Amino acid sequence: MANTAQARKRARQSIKLNAQNSALRSRYRTAVKAVRKAIVGGDKAAALELFKNSVGVMDKIADKKIIHKNTASRHKSRLAAALKAMA
């Protein structure tokens, strides 16, 4: 347990930050899953719309360094390739 006031405050802050990061990471995963589900379902229009929304989510989360920029880029690339393969 934290013994100093500074350490106690840092512990409180880390709990809040961890909750925020977990929520954003969950939002990211949900966005990716929604696009994949639409691709598997064969609905290209819905998949394209979801992809556009998920790219924004990925970029925001990568900018906050919750995930690495290259990870976001890799996921965007693979989803875009899957969308292109639908045609």
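Quantities reported herein were computed from a predicted structural model and do not represent experimental measurements.
In the displayed structure, Arg25 atom CZ is contacted under 6.0 Å by more than 12 heavy atoms of other residues, nucleotides or ligands. Environment of NZ in Lys37: sparse, with no more than 12 heavy atoms of neighbouring residues, nucleotides or ligands closer than 6.0 Å. Counting heavy-atom neighbours within 6.0 Å of Arg74 CZ, excluding the residue itself, gives a total above 12.
For Met86 against Ala38, the heavy-atom pair with the smallest separation is CE-O, 4.5 Å. The minimum heavy-atom distance linking Arg27 with Val57 is given by the pair NH2-CG2, 3.9 Å. A pairwise comparison of heavy atoms in Val32 and Met58 identifies CG2-CE, 3.7 Å as the closest pair.
Between Gln20 and Ile66, every side-chain heavy-atom pair lies at or beyond the 4.5 Å cut-off.
Between the CZ atom of Arg78 and the OG atom of Ser73 there is a distance of 10.5 Å, given to the nearest 0.5 Å. Interatomic distance, Ile15 CD1 to Gln13 CD, rounded to the nearest 0.5 Å: 10.5 Å. Within the model, atoms CG of Leu50 and CG of Leu79 stand 10.5 Å from one another, a figure rounded to the nearest 0.5 Å. With rounding to the nearest 0.5 angstrom, the NZ atom of Lys9 is 13.0 Å from the OG atom of Ser14. With rounding to the nearest 0.5 angstrom, the CZ atom of Arg10 is 14.5 Å from the CZ atom of Arg8. Between the NZ atom of Lys44 and the CD1 atom of Ile39 there is a distance of 10.0 Å, given to the nearest 0.5 Å.
The ring pair (Phe, Tyr, Trp, His ring centres under 6.0 Å) search around Tyr28 returns His75, not counting sequence neighbours. For Asp59, the salt bridge (charged side-chain N to carboxylate O under 4.0 Å, His left out) criterion is met by Lys76, not counting sequence neighbours.
Side-chain N or O atoms of Thr30 include one that pairs as donor or acceptor with a backbone N or O of Ser26 at under 3.5 Å.
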